[in-house]
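Reading through the structure tokens given below for one structure.
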Amino acid sequence: MPLAYDTPLSALPGVGPVKEKALHKLGLTCLGDFLTFYPRRYEDRTVLYPISSAPIGVNVCVKAYLTKPATLSRISGGRQVVRCTVADDTAAIDLTFFNRPYVRGSLDFGQSYIFFGKLDLLGGRRTMVNPQIERADAPKLFGSLVPWYPLSAGLTNPQVAAWAQAAVDALACPEMEFLPAGVLARHKLMPADWCCRQIHRPTGWDELRLARDRLAFEELFQLTLGLSLLRRDRERFTGLPLPDGEAAAFASLLPFSLTGAQKKVIGQCAADLSKAVPMNRLVQGDVGSGKTAIAAFCLWRCAQSGAQGAMMAPTELLAQQHYRTLSALLAPAGVTVVLLTGSQTAAEKRAIRAQLASGEAQVAVGTHALLTEGVEFQNLALAVVDEQHRFGVNQRSALAAKGGHPHILVLSATPIPRTLALIVYGDLDVSVLDELPPGRKPVDTFLVGESKRQRLYSFIDKQIAEGRQVYIVCPAVEESEAQEGDPTLKSVKTYADHLANKVFPHRSVALVHGKLRPKEKEAAMASFAEGKTDILVSTTVIEVGVDVPNAALMVIENADRFGLSQLHQLRGRVGRGQWQSYCVLVSNNKSPDTRARLKTLCATTDGFRIAQADLEQRGPGDFFGERQHGLPQLHIADLGVDVRLLEQAQAAAQTLLAQDPGLQSPAHTPLKNRLRRLFAQNALTFN
């Protein structure tokens with residue numbers, strides 16, 4: 001059958017149900033998906049070294065001939081071993097092949113071959129173990145850059161490379177071009193089909209670089225162009241303009257003074273709320289920077305205008321915390337705040353739904369329960385979403401759908417560098433709270449190894465003796481996860497048991513992780529928040545959690561397993577009370593790069609500096625997390641290094657929209673169709 005973009009994977013040679021399932025795990029569902037399934041690295045087999053000058057300890061290509069026939073023998077365990085010696089005019093190499101008896105019959109005495117493998121020195125002699133072999137007079141892979149693809153269990157790189165090549169051979173054609181001719185010419189970009197061929201089977205490093213830059217530019221261009229269209233589309237909506245509320249009247253409700261940063265952001269929100277175009281604003285700020293006060297102002301202003309507002313949080317504990325805070329702040333102004341969560345009784349939910357439908361309650365705080373069918377508002381004019389990186393765009397949209405086109409306020413304690421914010425939150429206006437309230441003490445952060453384990457335990461015990469509480473975070477849940485590839489990894493279950501029974505039997509130790517039932521998790525967190533637990537051993541589920549002012553120590557085991565931004569988020573769990581707080585990063589990793597990365601966290605508490613360092617060192621994945629942020633995925637562009645390409649792509653998008661705001665020109669139809677498909681797949685649409 002002729003191969004098309006949507007050809008099922010089972011049409012490929014060698015792809016049965018098992019292989020197809022393995023490919024699905026990689027995100028591949030049809031033949032066309034292979035075109036953007038890019039290699040993660042390339043093996044350089046373009047250089048043939050004389051044996052005497054070939055570098056030791058790395059993979060190299062050498063051309064050599066067999067100096068005497070290969071021998072086959074057996075060693076302990078019944079393994080078969082083929083041994084032989086090959087040489088060129090400069091030196092010789094001893095080759096060893098384990099469990100590959102067929103090699104003996106495939107090597108002819110005196111024949112020249114190309115061998116590719118890691119060259120080592122053993123007892124003064126050059127050696128290679130299990131090198132790859134091709135005849136020198138008919139090489140297929142040697143003399144090229146060999147692509148290596150991401151793999152899942154049951155797949156080999158040669159298999160995936162062959163299937164990718166089949167897709168390229170069948171589908172790469174001039175008709176796949178969708179970038180306008182003017183953009184291609186202005187930015188000196190190579191054609192799409194040429195780039196597709198080069199990225200999967202490059203003819204050289206220069207060609208690979210040209211192809212990679214074009215494809216990265218393409219991703220960033222279509223993303224920024226689509227976001228610009230989304231923003232323009234949003235500006236066509238009519239929201240409910242909320243009359244000016246006196247900021248001074250709101251400030252009088254607060255038991256504290258607003259920081260300069262809070263006043264600035266409140267001014268930005270006030271300006272947004274007074275317009276007929278719905279607000280769509282992200283407020284970024286470190287833990288403790290006062291984002292809740294911004295939400296409180298917007299909800300207060302909404303209630304003062306006779307409308308309703310809703311605030312959605314990712315957990316019941318966080319929703320309860322916001323409910324208590326907002327009730328205390330807004331009740332003196334006559335604003336009724338209600339709480340709606342999944343654990344309430346049916347009667348409680350009915351009563352709250354009635355208050356919202358009648359308009360008796362002006363502010364609703366809740367979890368996903370706010371999105372359920374049957375929750376109706378009389379006049380929802382504002383939707384606030386807390387901890388945006390915990391929600392997908394679908395959930396944000398579902399809350400907004402409870403009103404006409406309500407104002408949207410998104411809060412995030414995950415500092416994101418400006419370049420990345422343009423992508424992650426490209427359809428939002430971004431405000432930054434870059435100032436902490438006066439009197440908040442920075443958390444002292446230390447990096448220690450296993451040799452300091454006993455001193456660390458003594459420090460934990462001392463903190464508890466002084467009345468404080470302690471978080472201990474581990475990277476793995478099960479013992480089996482901890483054992484995979486690294487026996488030093490701490491399993492949260494085993495470690496919690498060890499601490500409770502062996503190290504701190506005189507203290508109360510609780511356990512929380514993502515595999516617990518929601519009620520068990522909430523109960524463990526609530527017990528810690530109420531001061532009934534001394535030590536909470538956890539995975540990163542406490543990254544977003546409640547205020548526990550009495551928690552003054554955060555210990556993060558195997559800290560090298562986490563990104564800087566995630567470590568900074570975890571550190572933000574402490575330092576919320578009047579006491580000096582501490583964060584201890586435990587890592588036995590001796591890599592200079594890893595230690596330098598972790599010491600960045602010890603040197604600063606500035607979330608944006610840390611985020612920028614994380615972006616440069618790890619790329620954008622750590623910010624996106626596992627949950628979809630709702631935007632088309634970047635397959636090849638790297639926001640840590642492609643800032644120049646991002647700027648070029650944004651400029652190109654702005655130029656194009658200035659010439660053709662709605663992409664109405666027939667020449668731009670392929671691009672517009674591509675954008676529609678791309679954004680529709682991610683639950684975002686524009687006209």
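When reading the values below, keep in mind they use all heavy atoms of this one structure, side chains included, and skip hydrogens, waters and symmetry mates.
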Has the side chain of [X] got a donor or acceptor atom that lies under 3.5 Å from a matching backbone atom of [Y]?
X: K349; Y: G342; answer: yes
X: S327; Y: R324; answer: no
X: Q308; Y: N379; answer: yes
X: S274; Y: A271; answer: yes
X: N550; Y: G577; answer: no
X: S527; Y: A523; answer: no

Angle class for the F528/Y471 ring planes (parallel below 30°, perpendicular above 60°, tilted otherwise)?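 Because their plane-to-plane angle lies in the 30° to 60° range, the rings of F528 and Y471 count as tilted.
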Anything under 30° is parallel, anything over 60° is perpendicular, the rest tilted; go ahead and classify F297 against F250.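 If you compare the ring of F297 with that of F250, the planes turn out perpendicular.
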Side-chain donor-acceptor contacts of residues 359-366 below 3.5 Å, not counting sequence neighbours, with atom names and distances?
unit_1 : atom_1 : unit_2 : atom_2 : d
E360   : OE2    : Q355   : NE2    : 3.4
Q362   : OE1    : T336   : N      : 2.6

Less than 4.5 Å apart, side chain to side chain, heavy atoms only: is that true for [X] and [Y]?
X: Y495; Y: I472; result: yes
X: S343; Y: E316; result: yes
X: L329; Y: L254; result: yes
X: I460; Y: L499; result: no

T445/L567 under side-chain contact (heavy atoms from CB on, under 4.5 Å): CA gap, chis, key distance, verdict: CA-CA 11 Å; T445 306; L567 291 170; over 6 Å; no
For T315 and T367, what are the C-alpha separation, side-chain angles and deciding distance, and is it a side-chain contact (heavy atoms from CB on, under 4.5 Å)? CA-CA 6 Å; T315 67; T367 55; 5.8 Å; no
Working to the nearest 0.5 Å, report the span between CZ of R353 and CG of L356.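 So the CZ of R353 and the CG of L356 are separated by 9.5 Å.
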Nearest-0.5 Å distance that lies between atom CD1 in I556 and atom CG in L570: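 Result: 4.5 Å between the selected atoms.
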side-chain contact (heavy atoms from CB on, under 4.5 Å) between L536 and Q469, intermediate numbers included: CA-CA 8 Å; L536 185 65; Q469 290 166 277; over 6 Å; no
